[in-house]
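As a basis for the values below, the full set of heavy atoms in this structure was taken, side chains included, without hydrogen atoms, waters or symmetry mates. When a residue number appears, it is its place in the shown sequence, counting from 1. What you see is a predicted model; the values in this text were computed from it and never measured.
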Amino acid sequence: MIALENHKADLISFFGSQPLAVLATHNKGQPYGSLVAFAATQDLDHLVFSTTRSTRKYANLSADPRVAMVIDNRSNHPSDLRFARAVTATGRAEEIPKDTSGDFLGVYLNKHRHLEDFVSSPSCALIKIRVEVYYLVTRFQNVVEIHLT
C-alpha cells in the first residue's frame with residue numbers, strides 16, 4: 001500500500017488531462033458501464049460527475065452506491081500495452097443536494113464549462129464519489145494500490 005502523497009501531483013495532472021471516464025455500477029449483480037464526464041477534487045478525496053435522474057446509472061446508484069470509475073489514456077494502439085495508464089477508483093457515490101453543491105459544482109464546471117446548462121437542469125443530479133481506493137496501473141501489469149480510508 002502506497003501513500004496518496006507519493007502520487008498526488010501525478011494523479012491530479014492525469015485526471016486533468018482526461019475528460020471522460022467509465023463508471024461501473026450494478027443492479028442485482030448485473031454490472032453496467034457508463035461513459036461520464038468527470039472531475040476530481042484537488043485533495044483527490046472525491047470524483048464528481050453528472051447524470052439525469054432518469055438514467056440506468058442513477059437507478060443503479062440509488063439501489064447500491066458502491067461504484068468503480070476507470071480513467072485511462074489509451075489510444076487504441078498496440079503500444080498501449082506498454083505505455084497506457086489506467087486508474088480505477090472504488091468508493092461510494094451519492095447525489096449532492098443542489099443547495100450544498102457549491103464547491104463540487106465549481107470543480108466540475110471548471111473542467112466542463114460546456115455542461116453548465118446540462119448540470120443546471122432540474123432533472124440533472126450532480127454525484128460525488130467518496131474514493132476509498134485508487135488502483136494505478138502502468139505498463140499493463142504494474143499496479144499501485146492507494147488507500148484513502
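Linking Ile, Leu, Val, Met, Phe, Trp and Tyr residues whenever their side-chain heavy atoms come within less than 4.5 Å leaves V70 and F49 in two separate clusters. Two different hydrophobic clusters hold V119 and V107 under the rule that ILVMFWY side chains link at heavy-atom gaps under 4.5 Å. At a threshold of 4.5 Å between side-chain heavy atoms, the hydrophobic network of Ile, Leu, Val, Met, Phe, Trp and Tyr places L44 and L136 in one connected group. No path of Ile, Leu, Val, Met, Phe, Trp and Tyr side chains, each step under 4.5 Å between heavy atoms, connects V36 with L105, placing them in separate hydrophobic clusters. Hydrophobic clustering (ILVMFWY, side-chain heavy atoms < 4.5 Å, transitive): Y134 and V144 are in one cluster.
How far CE of M69 is from CG of L47: 5.5 Å, rounded to the nearest 0.5 Å. The OG atom of S120 sits 6.5 Å away from atom NZ of K98, with the distance rounded to the nearest 0.5 Å. To the nearest 0.5 Å, atoms OG1 (T55) and CG (L61) are separated by 7.5 Å. Atom-to-atom distance recorded for I12:CD1 and S17:OG is 12.5 Å, nearest 0.5 angstrom. In this structure, the separation between CZ on F38 and CG on L23 is 11.5 Å, given to the nearest 0.5 Å. With values rounded to the nearest 0.5 angstrom, N73 atom CG is found 4.5 Å from F14 atom CZ.
Nearest heavy-atom pair, S34 versus K57, reported as atom, atom and distance to 0.1 Å: OG-CB, 3.6 Å.
Under a 3.5 Å cut-off, the side chain of K111 and the backbone N or O of F15 do form a donor-acceptor pair. A donor-acceptor distance shorter than 3.5 angstrom exists from the side chain of S62 to the backbone of Y58, with no hydrogens or angles considered.
Qualifying side-chain hydrogen bond (donor to acceptor under 3.5 Å, both in side chains) partners for S123, counting only residues two or more places apart in sequence or in other chains: S121. Annotation: salt bridge (Lys or Arg N to Asp or Glu O under 4.0 Å) contacts of E116 (sequence neighbours excluded): R113. Checked against salt bridge (Lys or Arg N to Asp or Glu O under 4.0 Å), D10 has the following partners two or more places apart in sequence or in another chain: R85.
Listed by first and then second residue, the ring-ring contact (aromatic ring centres under 6.0 Å, His included) pairs that reach into residues 101-127 are H46-F104, Y108-H112, H112-H114, sequence neighbours excluded. Under the side-chain hydrogen bond (donor to acceptor under 3.5 Å, both in side chains) criterion, the residue pairs touching residues 18-29 are T25-N60, H26-D64, with sequence neighbours excluded.
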What donor-acceptor contacts under 3.5 angstrom involve side-chain atoms of residues 125-132, with partners at least two apart or in another chain?
none

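Around CZ of R56, the count of heavy atoms belonging to other residues, nucleotides or ligands within 6.0 Å does not exceed 12.
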